[in-house]
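Chain letters run A, B, ... following the sequence lines, proteins first, then strands; residues in each count from 1. Values below: every heavy atom of this structure, side chains too, minus hydrogens, waters and symmetry copies.
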Amino acid sequence: MAETTPAKEPIKASEIDPKFKYEIAKMHGGEKLLRCFQCGTCTSDCPVARYSDTYRPRQIIRMAQLGLRNRVLNSDTLWLCAACFTCTDRCPQDVEVASVIRVLRNLAAEKGCVPQVFKDQAASILESGYAYKIPELRIKKRESQCLPPLPKGNPESVRKTLKNVKFFQNTEKKGEPSGQ
Amino acid sequence: MGSKYLIFLGCAIPYRVSAYEISARKVLSKLGVELVEMPEFNCCGLPLDPVSHEAMLILAARNLALAEQQGLNILTLCPGCAGTLKKVNKILKEDKTLREQINAHLKEAGLEFKGTVTTKHIMQALTEDIGLETIRKAITKPLTNLKVAEHNGCHILRPKEYIGFDNPEDPQTLKTLIEATSATCLDYIDETECCGAPSVGVSDKVALQLARDKLSHIKMVNAQALITICPFCHIMYDTNELRIEKMFNETYGIPVLHYPQLLGLAMGIPPEELAFNELRVDATKIVKQVTEGAKQE
Ligand code: SF4
Ligand code: SF4
């Protein structure tokens, strides 16, 4: 995915969704969004921000607070977070930054904005229980490596437990995990 | 002795990191640990967290419910799996409403989460259950002249609130475990930084730059090897080391060992049984140093 700079365009009042922050704060992990006082600790300690020209966790948090729903959710940079949790551990306001970013990703995914890797892993889990397709060769090789047989997945049962999850309901409709 | 666990392999290890599994099973069995296989497998849930937190909670709870049926605590080799299973266990035990919600999903497949098992990463099992004393006693070939560096990886350390295992700013467990083999564990810049693995596929450039930073800091202190305890970190440093060297026109030549491989060497397990041949970066030099060094003594 190409990196975009969602923050550089001037903000129009019509873009603002004043309830967006409350929607986030209602979700598991997003509760403390409003506590952020924009100190920048998260960005300065973020390993990804060091090498990306566009990924800035502080900025994402601010855009979420402001209610820039579409800019945040359509932004490719949202998917750059490595979920290393450094920001979460160091935020002086205990915002759980990485979890807020995860909440935003979940909302983006519901709209169908998901990088292909994540779709592939979700599809594989539904198919075999494993997030990656384990090559036959590897499975066979286990014997010669004196490893016990690999436990089998139970896709039917996994599907049953996931069938009422929004993301997978989209999947069922379109034949693949959530949207394009 | 006689610790007994349900081993939860995760996805990455059977997919492409078999050396970790082979060496861990060897070492644990020699230390008297009994491993029982999972009756069935599904991913811990972590890879789905970015797209659906709910799906992650369900998958993790499902695994915990399966373990509860077996009446055994879980041991994982992957910090991602350990972190996820621990975190979800804690969340669902504390939040009754959420537990009921998740159990409603599990009920569709006749399962229920009760919160009666714990999960430990191999490092935690080694230090807390098996104990450093037992490990030290099992060492027959001390790695006295070996100087290595460690990389813990993020999910064994953070978020502190849920993992509560070591000090995420200055972790000591892996160092202590390395020093139990009599090898020296060197300090280097930004030891607790991310390897970059989760960014692979989204931005390989950012991911490889992070791994490169680590490799160059490790090279700076002249470590003979890097010791990891995570399949994903291992892929970043070992599988990708050549790629990083090409990309940045640099040479590192740092072998990347799974901790059980290092411990296995010190316990006198023959190197052939510890799957060194599975490593991408050649480790023959240090394996030789260890085995021949021991002969001389
Ligand atoms: S560290 Fe916390 S308070 Fe500071 S900018 Fe980041 S989220 Fe806001
Ligand atoms: S969790 Fe994401 S945003 Fe936070 S420091 Fe790590 S990479 Fe940056």
Side-chain angles (χ1 to χ4, degrees), chain A residues 1 3 27-29 47-48 50-52 55 79-86 88-89 96 98 102-103 105-106 109 114-119 121-122 125 129-132 134-135 138-139 141-142 145-154 157-158 160-168 177-178, chain B residues 9-12 14-16 18 21-22 25 37-43 46-55 57-59 62 91 98 104-111 154-155 157-161 168-169 190 192-194 196-203 205-207 209-210 213 275:
Chain A
M1 274 193 171
E3 290 184 33
M27 292 174 74
H28 194 232
V48 172
R50 198 178 308 148
Y51 290 113
S52 159
Y55 183 75
W79 297 92
L80 272 173
C81 167
C84 73
F85 295 102
T86 308
T88 295
D89 270 6
E96 292 198 52
R102 189 255 304 143
V103 165
R105 285 172 163 190
N106 279 193
V114 200
Q116 191 60 39
V117 257
F118 295 98
K119 290 191 210 172
Q121 288 178 354
I125 289 172
Y130 289 84
Y132 317 102
I134 316 282
R138 284 259 172 200
I139 298 176
K141 205 174 160 195
R142 292 180 67 85
Q145 290 172 318
C146 301
L147 293 172
L150 204 56
K152 287 214 167 41
N154 187 346
S157 168
V158 169
K160 276 188 197 156
T161 50
L162 293 177
K163 73 173 187 219
N164 295 322
V165 175
K166 217 170 179 180
F167 177 76
F168 286 97
S178 208
Chain B
L9 284 178
C11 303
Y15 180 53
R16 56 196 283 194
S18 52
E21 185 186 349
I22 295 170
R25 285 188 192 267
E37 306 307 309
M38 284 293 285
E40 65 173 67
F41 181 84
N42 72 248
C43 168
L46 183 62
L48 286 186
D49 200 28
V51 294
S52 169
H53 187 56
E54 196 183 12
L57 292 171
I58 296 169
L59 285 180
R62 189 192 154 82
I91 294 172
L98 192 60
H105 291 284
L106 292 186
K107 212 174 157 207
E108 298 284 341
L111 290 163
C154 300
H155 294 131
L157 303 172
R158 295 180 287 263
K160 190 179 184 350
E161 192 197 337
E169 295 292 344
D190 288 341
T192 60
E193 290 266 313
C194 177
S199 299
V200 170
V202 182
S203 169
K205 192 185 109 217
V206 169
Q209 252 164 330
L210 291 175
D213 258 17

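Looking at B:A12, the atoms closer than 4.5 Å to chain A (heavy atoms on both sides) sit in the backbone and in the side chain alike. Contact of B:L46 with chain A is not made at all, since no heavy-atom distance falls under 4.5 Å. With a threshold of 4.5 angstrom between heavy atoms, B:E37 approaches chain A through side-chain atoms but not through N, CA, C or O. Proximity to chain A (any heavy atom under 4.5 Å) is restricted, for B:H155, to the side chain, taken from C-beta onward. In this structure, the portion of B:E193 lying under 4.5 Å from any heavy atom of chain A is its side chain and not its backbone.
Once rounded to the nearest 0.5 Å, the distance linking CD of B:E54 with NZ of A:K166 reads 9.5 Å. Here the CG atom belonging to A:N164 is positioned 5.5 Å from the CD atom belonging to B:E108, to the nearest 0.5 angstrom. The distance from the OG atom of B:S52 to the CZ atom of A:R102 is 9.5 Å, given to the nearest 0.5 Å. Of the inter-residue distances, the one linking A:F168 atom CZ with B:L48 atom CG reads 4.5 Å to the nearest 0.5 angstrom. Between atom CZ of residue B:R62 and atom NZ of residue A:K160 there is a gap of 9.5 Å, rounded to the nearest 0.5 Å. Rounding to the nearest 0.5 Å places CZ of A:R50 at 6.0 Å from CG of B:D213.
Of all non-hydrogen atoms in B:A109 and A:T161, the two that sit nearest each other are CB-CG2, 3.6 Å. Closest of all the heavy-atom pairs between B:P47 and A:F118 is O-CD2, 4.0 Å. In terms of heavy atoms, A:D89 sits closest to B:P168 at OD2-CG, 3.6 Å.
Contact tally against chain A (heavy-atom pairs below 4.5 Å) for B:H53, B:E169, B:Q209: the top residue is B:H53. With chain A as partner, the option from B:C154, B:P14, B:C194 having the largest number of non-hydrogen pairs under 4.5 angstrom is B:P14.
Between A:Q121 and B:C43, the closest side-chain pair of non-hydrogen atoms is not below 4.5 Å. B:F41 is not listed as a side-chain neighbour of A:L150, based on a closest heavy-atom distance of 4.5 Å or more. Looking at B:I58 and A:V158, their side chains never come closer than 4.5 Å, going by heavy atoms from C-beta outward. Residues B:P159 and A:E96 are not in side-chain contact: their nearest non-hydrogen atoms beyond the backbone lie 4.5 Å or more apart.
Between the side chain of B:N42 and the main chain of A:G153, no donor-acceptor pair closer than 3.5 Å is present. Within the 3.5 Å criterion, the main-chain N or O of A:L80 finds a donor-acceptor partner in the side chain of B:S199.
Note: B:Y15 and A:Y132 have parallel aromatic rings, judged against thresholds of 30 and 60 degrees for the angle between ring planes.
Of the N and O atoms on the side chains of A:T88 and B:R158, not one donor lies less than 3.5 Å from an acceptor on the other residue.
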### Query
Are A:Y55 and B:V206 close enough, and set up right, to give a side-chain contact (heavy atoms from CB on, under 4.5 Å), and what steps lead you there?
CA-CA 11 Å; A:Y55 183 75; B:V206 169; over 6 Å; no
